[in-house]
Structure formats: C-alpha cells, structure tokens
Q: 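I'd like to ask you about the structure that follows.
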Amino acid sequence: MRKWRLRRGITALALALLALPTVPGTAHADPAYPFRDPSLPVQVRVDDLLGRLTLDEKISWLHQYQPAVPRLGIGLFKTGTEALHGVAWSTDIDNNGAVVKARGTSFPQPVGMASTWNPDLIQRVGSAVGDEARGYHAQNPRVWGLNLWAPVVNLLRDPRWGRNEEGYSEDPLLTAKISTAYGSGMTGGDPDHLKSAPTLKHYLAYNNEVRRDVTSSNVPPRVLNEYDRAAFKPAIAADAATGVMASYNLVNGRPATVDPDLATVVRSWTDQPLMNVTDAWAPNNLVASQGYYPTQAEGNAAIVKAGLNSFITDDTNAQPTVTAIKQALASGLLTEADIDARIAEILNLRFRLGEFDPGGGRYGGITPDVINSPEHQRLARQAAGEAMVLLKNSRQALPLDPARTRKVAVLGPLADTLYTDWYGADLPYQVTALDGIRERLGSSASVDGLDGADRIALKDPSTGRYLTATGITDADPVSVTGTDASLAAQFDSVDWGQNVVTLRNAANGRYLGYNWGPFVTRDEQPNGWYVQQQFSLEPQADGTVAVRYAGYETTESWFGVNTYLTVGDDGALKLGASTAADATHFQREVISSGVDRAVAAAKAADTAVLVVGSNPFINGREAHDRTSMALSASQEALVKAVTKANPRTVLVLQTSYPVTIGWEQEHVPAIVWTTHAGAETGHAVADVLFGDRNPSGKLTQTWYRSDRQLPPDLLEYDIISSGQTYLYSSAKPLYPFGHGLSYTGFRYGQLRADARSVAADGTITARVDVTNTGTRAGSEVVQLYTHQRTSRVKTPIRALKSFERVQLAPGQTRTVTLRVRAADLANWDVTRSRWVVESSTYDLMVGASAGDVRARTAVAVRGETIPARDLSRTTRAENFDGYAGVRLVDETKVRGTAVGATAAGQWISFAKSALRPDSRTFSARVAKATAGTGTIQVRLGSPTGRLLGTATVPSTGDDYRYVSVRAELARTAGTHDVYLVFDSPLRLADFSLR
C-alpha cells in the first residue's frame, strides 16, 4: 500500500497550496478546478472532485451509466464495453440500452489466443484492442466506454462449460500469463495513465451456466487458493487489470455479488484502487432468484460494503438503484462514507483514463483510423496462425505441396462460413477456409467447396403443401403453402449435435427462425441472446418427422409448453403443440444428400480438406452448457465417408472447446485444430496447411477420449478430491495438456538444475538444450512441470511452473533457461491457513506436453514440515482434510464459511491431529435451522472408528443463529485422524478438542 499512503500523505499539503490566491495566467486560473490539473497527484484530484459532488450525484454514479454533471463540465461515463477478443459491442443509453456491435479487428477466441503460449504476442493483441477501444470512444463516447469487460480468467476445468471459448486454460499459471499479457496491452503498461481499463471476469469459481444464479460452487480452501484465486491474482498484482466483475453464482453458499473478497482479498493484491462491477442484473438476483435479502435496499447496501462500485442492472434505468441506495442510507444500512469510498475508487479510474486531462490525456489523440487498420489485420492473421494446433500428422500428410495439390475439395459446414460468438464483433470482412485455400493456390488450381449438408424439403402430407420461404424480412412469414419443392421450399439442414439442426433456405440463404411469432427466413447466421434458429427434426413411427422448435428461450420457465410446429388451415406455421404426437408430421424429402455430394467431390480431388466443428451460438454459450463433447452424428458420418473416399484427407476442427474424436485420431491422416479465429481464419488455415507457417500452437486444455472421463456432475468444483484437469486426473487423455505437433522435430538434451537443493526463499534455475532436428524452422514451447514427491496432502501429479517459446532454425540448438521460485511450489496449509513450502524432493520434468516429458531431474527444497494439527486451538470447520456429502456454506451473510451437513452419515476429517491426554471436551459453534436435535460424533481413524464422544445440537431455528455445544470425550492421546460425523442437517462453524 506504499503508493496509496504516499498519495494520501501529500493530499493535505497539496490542497493547502491550492487554497493560495491564483496568479493570473497560471494553470489554476478560473474557471479551472484543481481536479482538472494533471500536474497534481491523482489522489489530490480525486479528493477535490469528490468534495464538489453532492450526495445525490455520488449515489447516481453507482449505476453503470454515471450521468453527466454539467455544472462541473463532466460528461457521461459508462462502465462496460465488451472486448473479449477485440472490441465486440456496447450499449446505447440514448436508445434504451440497445446493443451496438463493433466492426473492428476480431482476434481468435480466448481459448485460441492462449494456445499460442505467446504472452508477447497477446500483449500486442491487447494493445491493438485498447487502441480500437480508444478509436470507438473518439467516435461516440456515450456508447463506447473505456472500461473494458475482459479478459475472462475463469479456469477451464470442464470443457462442457458453455462459455469455454471465453477462458484461456485449465491451468492457473498459463491463464495468469495470458490474461496479464492481454490486460497489460489494453492498459498500455502504465497504471497511472490508462489506455483502457480492463475488468477481469468473473470472480469466482464460475463454470456452469444452467441455473448459474442459484447454484453454489463448493470450493474448499486449497482449491480456492491454489486454483481459483491463483488465476485472478497475477493480472491484478501486475496492474494489468483495474477491477473484477463478480460472478452470478454463489460460492460456498454466498452470492458472489456480495463476496467479502472483493473488498479485502482482491484489493490486497495491488496498491492501485480497483473499480469492481456486478454482472448484469445480479443485484436484483439477491432479492429475486437467490432470495438472499428481503429488500433491494439491504441487498444494495451489502453490495457496496462488499466492495463493488458499479451496479449493472435495470439496463439504462438507474432509478431503482438510486432509490434502494437512498433507502439504505435512510435506514442506517449505509453511511455517506461508504458511498464516498466507492466513488473515490471510480474517480481514481476515470482520472487515470485521462478523462479530466487536457485533450483526454496521453491516449486522447487516438482516432478511429486505428479500427481494423492494416496493421491490426496482419496481427490478427499472425494470432490466428499461431493459435492453430497440429494434433496429428501421420506419414507427413502435412504440409500440402502447392505444386502437386491442384485440385482440392474443401468440405464441411465450416468450409465457407465464419461464425462469430456472443462476445465477438461483426466481422468487417471474411476470409473463410475456402477463400484462403483458393487464394493460396491461385486461379490455375481447382478449388471447390461444399458444406456437406442434406438439402431437404418438408411436406405436409395432409395437404401436399411444402414449407416455403416468402422473403427475408419480418413481414415475410414462412408458410406451408408451396405447391412443389421449389428452391424456396428447400432447406440445407446442418446438424450441430445434441439433436439440433439449422435450416438455411436454398433460395435466399437465410436461416429459418421464430422471431416471437411468425416463422421467418431473415437472419444470415444464428445469433441473438435467444438463438431462435434452432430446430429438432424428430423421427416418428410412420416415417415422418415432427419439428420441435429448440430456440434458447424454450428453456426459460416462462416460455410455455408448446414447442412443436403445427400448420393452420391457412398454411400459417405456429407453435401449436406440446408433444410430437400432437404436432404436424412432415415428410422429410431429401433433395440431395450432402454426404453423397461430398464423397463425389472428394473422389475427384487430389486432397480433401474437411472443416467441421461447432457453432458458437449453438454448441454451448452463456446460459447454456453442453451435455457432450462429441461432434454431431452427421458431421462424424461426413468425416468417415470422405476419409474413406479419399485417403489424402485433412481434417480441420474448428471448435470452441475440446471434442472427442477417437475414430478421427485413428483413421484421418492429419488433424489441425483452430478455434473460431476471426476474419483472418481462412488465411491462417491456408498458411498452416501449405507450410507457409509451421504450426506451433499447444493445447491449453486436456482433450478427453470420452465424456466418461469427466465427472458426472458439471457442478463438481473440487478438482482435488474429484481428480479433475491434467493436474489431478489419472485418465489417459486423447491429447494431453500442452500437446501440439510441428512440421519439424525437436530433441531435448539433459535437464540440468543449478543446484541439488534450494531454500524455501530461493530460485530453481533449470537448463535444457533443445535442437531442431528437421529441415524447417520452427517454434517449440518448452514446458517445465514439477511434482512434489512427499507431502502432508494430495498434490498434483504434475503442475506447469514455467514455459518458454523458442524459435529454432534447422539444426540449431539453443539452451533454454527456465526459472521457478521455490515459493511458487507452495501449497495452502489448511492447518494454519497460510502458504507453506514443504521440505521435499521435487521432480522437475521438461517436455513438449504434460504427457510428453523428454527430460527430468530432481531438486531438494529446504522448506518446512507441517506439524500435527493442534485441535486444542479453535479450528475452522472448513479447514478439513477430507469430507463426504457435506457442503460449504456461508457462516453469516457478511463473511465466513461453515460446513453444512445435509443428511445423516456425512462427515469431515482432520488428518494427523495431535490429541493431548487432557483433551476431554469437544466444543463447537453450531446452527440448526430445522426442528429437533441433531448430533455430532467425534471418532478416530474412520467415520465408523472409535467413538470418543457425541455432542447434541439443538434447533436454533435459523441457519445463521449459532450456539455453543459441548461433549465429554473419552480419554485418548497420540496422533490420529479425527472424524466429525453428522446425523442430520446442521451447520458447524468451528470447534476445538480441549
């Protein structure tokens, strides 16, 4: 806090100087205010402006749209412009908060950016995004604010999470490196003069979309500190982010919107003030879906005290927030000092952005010319290329020789289409895979494209009429009126898996969609919050199909029961049935088979390039998780048929998440993965396929062989006990974390550590010689993993601790130096609630992936041995070593975590506890909301081991009303594993054995 104290320390002096008479012609001449003087320290300026604001003005600034204060010459300030992989969209206060899409440079989805393992590149990307944010701000500051909501640093522990594409990695170190690089680029690298103000999303432990506002993430202390917080801290500590967004979910029973971490732990990571924000409408959830507070005044007061500065709720209408805050002040739930603390932090950010400096400060001169500039387009192409991962390359199937590859069939649903995502901009131009390959081979080559979709017509057998498009506007409803299967009655059916297809009209190229009433063919792509272009064609016993509308709003409780299509007497299409039996049954006529056309094209080509994968608006997204990682059945069938037809088939997977491709790995000669990588995707694909770029990307997630290798429950957040991610999973993956091949080979020499042992405050320096053994220049990401051989607790099988990207010419050898601080080997010690470096031998493993270790050595670390637990001291129940069945819950609504038992037989354990001969009393603080008494048994060795005593827990009538209970214990001594076994629902905050 040194910088902060220094700034506050000079405030009084500076203000005293400002009180002196102003000399005519100086910088302080009237009508200038001291807060507009950039020569003054930021805190002096903050204090000056804060003192000039009325209480009403300060309260109004707690809402997302901070209104103008004309009397001080201050304009509107808006928190939140989406900028996940390029400036994406913002909202317009002058148009009821309507979404305004950007059309600037679009970089690869974050999971793709991270697969570059290149922080230097990602910092350049972040800088370009910050520049374009400034460019848009120059166009319209009322729409395009400079507080950017990015990056997302939630860890990708489970690829079924619907927002997988928004994060970077399942590993906290890699996530931290990439997020810090991106954020540093966006800020400009000087925390006192911000190009833009990035906000990390979403604090904390947020990896599920279904019922996300009412589900609680169960995160024991080790997982909380070693995994989830570890992803957020580095960017904040490096001043590469200016705040965090609280997540929708609950964490250990408390809504993240009122997580006390936001005022304490998170702010302790930096000397700079932070501006934290709620997620959209989350303040209302506290009273509505979560029912955590009875009134909005209580909820809003808790939000302010928990350390959040900006209420993102009620769209552009600030009045509900203002009213609730004023009610909280009137009832004593808040003080003006509480408001001042939050507004001072907001002001600090606005000053550092240069808002009150002449000309907008250091970055105020950036113009809209930077948006989608040629320089940024080249950077996007580089990023898309470095993000691509070569998964398989048997018999040197790649790179393709352009001189010999003169006839190419580019096939699949993504061959000639680029899809955007919810947090992406509209693409100002598109280079598809088909475009890129055609451009690379030139006009003398024959390059044809097919999407492999079945072209179908849907006929109502009762009337003989066909489902037919009539236009591309909202006034052109689709109807079952066509007399024949004309082009307007034909639809290309693309299977995206999980029983969802899209239907693109053959006549106008637009997608069939619902649009809240009439079915229309209006949209060029599936899009919107409620993706209304989704259908399921459900086979019936009589050979027909029932058409179920599967738009995302059908999952909402308010949608209603009718999701199946029926046809009225006038041919109008409507949602008129709740079951397939009552729906109109259509004959599905296949005009042409997509697989047959693709096979014919593949047979006639020198090479078939298959581009298959996911649609980011359909295959999981915000508010929608996946149930499977599999490719759709139709896409799998296409891959199998084309591979059989042409053994020179190359598979390009374009997805937002890992997929299960066991058959493809076994049978397809070459497989390349890319995420949805923006406008330059096609150039990047061609660059890699034809060897103009040697692939160097590495996977940032484990690719599993099947869904069965994941926990049955997506809500299993305890990666340690459940064995998740490469850190703890013993499953044999399809592709390990860090996997990625090259068109050249790399040989690793012996791994050498600079010392055989190191102190806990020392640094391990390891060196390895890496040689390019091939004939092409290439980049290798040298990855260093560690494993702790002995520990009091379960430790990772392997954990990434350092990596270095190295470029090597053919035959070149370079010595790669990798450094690891011994402090970075620390575990969270639950017995003393602090970090500890244990004395142990640590294996150092270097290689090309977590599953491809090329060299290893070992170093002894002189740390400490965690002593036996002393349960005579008051012990927090949450600091258990093992558990079964219990949940972590909120001790109070303000702070603290307790253990909540929900059924008889559940338990928690405390390993290696030293019991004294005179320890004869078990004391505990407990709450029991349900009627009747309960018990806590104290046992040794196991949940059914020796019984030392039983405490009776009375009903307290409330989850938050705690009482103390005691029980006499049988005499014992020595070191034991102590188990506390519960017989009924109750809460345990802390206990002791004395």
Side-chain angles (χ1 to χ4, degrees), residues 58-64 79 202-206 211-219 244-266 276-315 317-343 557 887-898 900 927-930 956-962 985 987 989:
K58 288 184 286 190
I59 292 172
S60 72
W61 279 12
L62 290 172
H63 190 262
Q64 176 182 16
T79 61
H202 312 81
Y203 195 87
L204 185 75
Y206 170 46
R211 302 180 69 242
R212 58 184 175 169
D213 58 323
V214 294
T215 53
S216 179
S217 304
N218 202 60
V219 189
V244 302
M245 174 184 284
S247 54
Y248 281 119
N249 56 298
L250 294 84
V251 179
N252 295 340
R254 180 181 295 105
T257 308
V258 290
D259 189 338
D261 277 9
L262 300 169
T264 55
V265 174
V266 175
N276 299 327
V277 305
T278 74
D279 209 334
W281 293 85
N284 298 28
N285 291 344
L286 290 172
V287 177
S289 62
Q290 294 166 344
Y292 204 68
Y293 292 101
T295 67
Q296 201 63 55
E298 291 169 273
N300 283 15
I303 291 171
V304 170
K305 289 193 170 185
L308 284 103
N309 306 77
S310 187
F311 287 68
I312 317 303
T313 189
D314 299 300
D315 295 327
N317 182 13
Q319 195 57 49
T321 297
V322 169
T323 299
I325 292 293
K326 287 185 175 180
Q327 290 171 348
L329 285 165
S331 60
L333 296 170
L334 283 176
T335 66
E336 186 170 357
D338 295 324
I339 305 296
D340 285 352
R342 300 288 84 88
I343 299 303
S557 59
R887 302 288 295 175
L888 290 168
V889 295
D890 50 336
E891 181 181 354
T892 71
K893 290 190 175 183
V894 177
R895 65 181 59 86
T897 299
K928 188 175 188 296
T930 56
T956 64
D958 191 295
D959 282 332
Y960 305 114
R961 184 176 296 121
Y962 287 82
R987 293 185 173 201

Q: Would you find a donor on one side and an acceptor on the other, under 3.5 Å apart, between the side chain of Thr956 and the backbone of Arg961?
A: yes
Q: Looking at OG1 of Thr257 and CG of Asn249, how far apart are the two atoms once the value is rounded to the nearest 0.5 Å?
A: 8.5 Å
Q: Among Asn309, Ile343, Val322, whose side-chain contact (heavy atoms from CB on, under 4.5 Å) with Leu62 holds?
A: Ile343
Q: Counting only N and O atoms by type, is there a donor-acceptor contact under 3.5 Å from the side chain of Lys305 to the main-chain atoms of Leu333?
A: yes
Q: Looking at OG of Ser331 and CD of Glu298, how far apart are the two atoms once the value is rounded to the nearest 0.5 Å?
A: 7.5 Å
Q: So does Val251 get a backbone contact from the side chain of Ser217, meaning a donor-acceptor N/O pair under 3.5 Å?
A: no
Q: Which atoms form the tightest heavy-atom contact between Ser247 and Tyr206, and what is the distance?
A: CB-CB, 3.9 Å
Q: Strictly distance-based, threshold 3.5 Å: is any side-chain N or O of Asn252 a donor or acceptor partner for the main-chain N or O of Val219?
A: yes
Q: Can you list every pair that meets salt bridge (charged side-chain N to carboxylate O under 4.0 Å, His left out) and has a residue in residues 317-331, with sequence neighbours left out?
A: Asp56-Lys326
Q: Could you give me the CA-CA distance, side-chain angles and deciding distance for Leu329 and Ile59, then say whether side-chain contact (heavy atoms from CB on, under 4.5 Å) is met?
A: CA-CA 10 Å; Leu329 285 165; Ile59 292 172; 3.6 Å; yes
Q: Can you check whether Val894 reaches Pro260 side chain to side chain, under 4.5 Å on heavy atoms?
A: no
Q: With rounding to the nearest 0.5 angstrom, report the CD to CG distance, Gln290 to Asn285.
A: 5.0 Å
Q: Checking the side chain of Arg987 only, and the main-chain atoms of Tyr960 only, is there a donor and an acceptor separated by less than 3.5 Å?
A: no
Q: side-chain contact (heavy atoms from CB on, under 4.5 Å) for Ile325 and Val304? Distances and angles first, verdict last.
A: CA-CA 9 Å; Ile325 292 293; Val304 170; 4.0 Å; yes
Q: To check you understand the geometry: which heavy-atom pair defines the closest contact between Ala297 and Ala328, and what is its length?
A: O-CB, 3.6 Å
Q: Using every non-hydrogen atom in the two residues, find where Leu262 and Ala256 come nearest and quote the distance to one decimal.
A: CD1-O, 3.7 Å
Q: I'd like to know if the side chain of Ser216 reaches the main chain of Gly253, judged simply by a donor and an acceptor atom lying under 3.5 Å from each other, with no hydrogens or angles considered.
A: yes
Q: Who passes salt bridge (Lys or Arg N to Asp or Glu O under 4.0 Å) against Asp314, sequence neighbours left out?
A: none
Q: Drop me the distance from Thr278's OG1 to His63's NE2, to the nearest 0.5 angstrom.
A: 8.5 Å
Q: Look at the side chain of Tyr248 and the backbone N and O of Ala280, then say whether any donor-acceptor pair between them is shorter than 3.5 Å.
A: yes
Q: Specify the closest pair of heavy atoms between Thr897 and Glu891, including all atoms of both residues, with the distance to one decimal.
A: N-CB, 3.9 Å
Q: Please check if atom CZ in Arg895 has more than 12 non-hydrogen atoms from other residues, nucleotides or ligands closer than 6.0 Å.
A: no
Q: Could you tell me the separation between the CZ atom of Arg342 and the CG atom of Leu308, rounded to the nearest 0.5 Å?
A: 8.0 Å
Q: Checking Tyr203 against Asp259: is there a side-chain donor and acceptor pair closer than 3.5 Å?
A: no
Q: Is any NZ, NE, NH1 or NH2 atom of the basic residue among Asp340 and Lys58 found under 4.0 Å from an Asp or Glu carboxylate oxygen of the other?
A: yes
Q: Can you name the closest pair of heavy atoms from Ala898 and Tyr962 and give their distance?
A: CB-OH, 3.7 Å
Q: Indicate the atoms forming the closest heavy-atom contact of Arg254 with Tyr292, along with that distance.
A: CG-OH, 3.7 Å
Q: Nearest 0.5 Å please: distance from the CE atom of Met245 over to the CG atom of Asn276.
A: 10.5 Å
